[in-house]
Amino acid sequence: SNARHFLGFTPAVRGEQQWQVVETSKMAGEGATSSGGSSQFQTMSMSLRLLNIFYLIVGIVLCAAGTYGKTSSQISSTAIAGGIIASGVFLMILAILGFYAAHKHHQVLLFVYMIALGLLFIILFSVSIACLALNSDQQHDILARGWESLSCADKSKFQHDWSCRGFQNGTLPCSDPSGLGAGPSYPDIPNIPTCYEHLKDRVQTGLRVAGGCGLFFSFTELFGIVAAYRFRNVRNPHENPSVFL
């Protein structure tokens with residue numbers, strides 16, 4: 001007993017040393033956990049912000065393309081140009097919302113962002129599948145209905161711009177009930193192709209490109225939904241744990 005007291009290994013001192021070792025181990029474990037949580041938080045936050053920067057750039061490109069197409073007369077339909085610009089504006093607003101929600105770790109805005117992305121994913125995925133699934137007969141019917149809806153002046157302008165005559169029969173007048181004839185002002189040039197022959201390959205290629213791009217963007221939206229859901233459940237290491245929802 002005297003020897004143990006002389007060497008400083010009394011039961012009280014030994015118990016205090018063991019308690020200090022346990023406390024040190026706890027602090028080391030908490031530090032490692034905090035470091036890992038902080039790294040995960042920063043990684044997910046940065047991923048969401050980069051994704052929304054990408055959406056912002058795409059939105060700007062859509063707005064610029066719609067504006068340029070309308071002003072340069074590449075897109076004659078105001079409704080089509082307006083739809084492209086509106087899609088770009090909506091995507092830009094969604095990107096700004098998602099970027100701010102990820103930067104501030106705002107629970108409510110992240111939830112709204114998830115809902116908006118989910119609706120956009122359903123619409124874009126459905127349209128993309130429809131574009132890829134259209135066969136030649138369905139494409140022909142869509143083009144025929146579009147041609148029938150044009151006025152004689154629009155048909156004539158289209159034929160001049162694209163060097164074609166009629167939809168499938170260039171001998172019918174524009175006043176024909178089928179609406180598939182040539183404009184009255186188009187010059188009589190022999191062996192000129194019909195507008196359907198001129199358009200069908202371009203439309204088929206355009207539908208494939210549009211469907212492929214739509215599928216790509218829809219999967220990025222799915223990634224955004226999953227990332228936002230997981231990010232909502234990650235505690236911000238810079239905030240008080242009592243305010244975490």
**Student:** Any heavy-atom pair between the side chains of H103 and R49 that's under 4.5 Å?
**Tutor:** yes
**Student:** Could you walk me through whether L132 and L207 satisfy the side chain to side chain contact (heavy atoms under 4.5 Å, CB included) test, starting with their C-alpha distance in whole Å, then the side-chain angles of each, then the deciding distance to 0.1 Å, before giving a yes or no?
**Tutor:** CA-CA 7 Å; L132 295 174; L207 287 174; over 6 Å; no
**Student:** What do the steps show when you test V58 against L91 for side chain to side chain contact (heavy atoms under 4.5 Å, CB included), and what is the final call?
**Tutor:** CA-CA 8 Å; V58 173; L91 194 59; 3.6 Å; yes
**Student:** Minimum heavy-atom separation for L62 to I84, with atom names?
**Tutor:** O-CG2, 3.3 Å
**Student:** Does F231 have its ring centroid less than 6.0 Å away from the ring centroid of F41?
**Tutor:** yes
**Student:** Begin from the C-alpha positions of Q204 and Q139 and carry the test side chain to side chain contact (heavy atoms under 4.5 Å, CB included) through to its verdict.
**Tutor:** CA-CA 8 Å; Q204 189 173 18; Q139 294 174 21; 3.7 Å; yes
**Student:** Quick check for you: to the nearest 0.5 Å, what is the distance between L110 atom CG and H105 atom NE2?
**Tutor:** 6.5 Å
**Student:** Work out which heavy atom in A102 is nearest to a heavy atom in L48; give both atom names and the distance.
**Tutor:** CB-CB, 3.7 Å
**Student:** Same cluster or not: I122 versus V127, using hydrophobic residues (I, L, V, M, F, W, Y) connected whenever any side-chain heavy atoms lie under 4.5 Å apart?
**Tutor:** no
**Student:** Report yes or no: do S149 and R145 form a side-chain donor-acceptor pair below 3.5 Å?
**Tutor:** no
**Student:** Hey, what do you get for CG (L56) to CZ (F99), rounding to the nearest 0.5 Å?
**Tutor:** 9.5 Å
**Student:** When clusters are formed from ILVMFWY side-chain contacts under 4.5 Å, directly or step by step, what else is grouped with M114?
**Tutor:** Y229
**Student:** Quick check for you: to the nearest 0.5 Å, what is the distance between L120 atom CG and I115 atom CD1?
**Tutor:** 13.0 Å
**Student:** So how far is it from L117 CG to T220 OG1, rounded to the nearest 0.5 Å?
**Tutor:** 8.0 Å
**Student:** Tell me whether Q107 contacts the main-chain N or O of R232 through its side chain, where contact means a donor paired with an acceptor under 3.5 Å.
**Tutor:** yes
**Student:** Atom CD of Q42 and atom OG of S47: how far apart are they, to the nearest 0.5 Å?
**Tutor:** 11.0 Å
**Student:** For the pair Q138 (side chain) and N135 (backbone), establish whether a donor and an acceptor sit closer than 3.5 Å, ignoring hydrogens and angles.
**Tutor:** yes
**Student:** With rounding to the nearest 0.5 angstrom, report the CD1 to OG distance, I129 to S218.
**Tutor:** 7.5 Å
**Student:** What are the two closest non-hydrogen atoms of G211 and S128, and how far apart are they?
**Tutor:** O-CB, 3.5 Å
**Student:** Which of parallel (below 30°), tilted (30 to 60°) and perpendicular (above 60°) describes F54 and F217?
**Tutor:** parallel
**Student:** Side chains of K200 and H140: closer than 4.5 Å at any heavy-atom pair?
**Tutor:** no
**Student:** Is any side-chain heavy atom of F223 closer than 4.5 Å to a side-chain heavy atom of L51?
**Tutor:** yes
**Student:** Would you say Y55 and M92 make side-chain contact, with heavy atoms under 4.5 Å?
**Tutor:** no
**Student:** I96, L109: one ILVMFWY side-chain cluster at the under-4.5 Å cut-off?
**Tutor:** no
**Student:** Is Y196 reachable from I142 through a run of hydrophobic residues whose side-chain heavy atoms are each under 4.5 Å from the next?
**Tutor:** yes
**Student:** Any donor-acceptor pair under 3.5 Å linking the side-chain atoms of Y113 with those of N52?
**Tutor:** yes
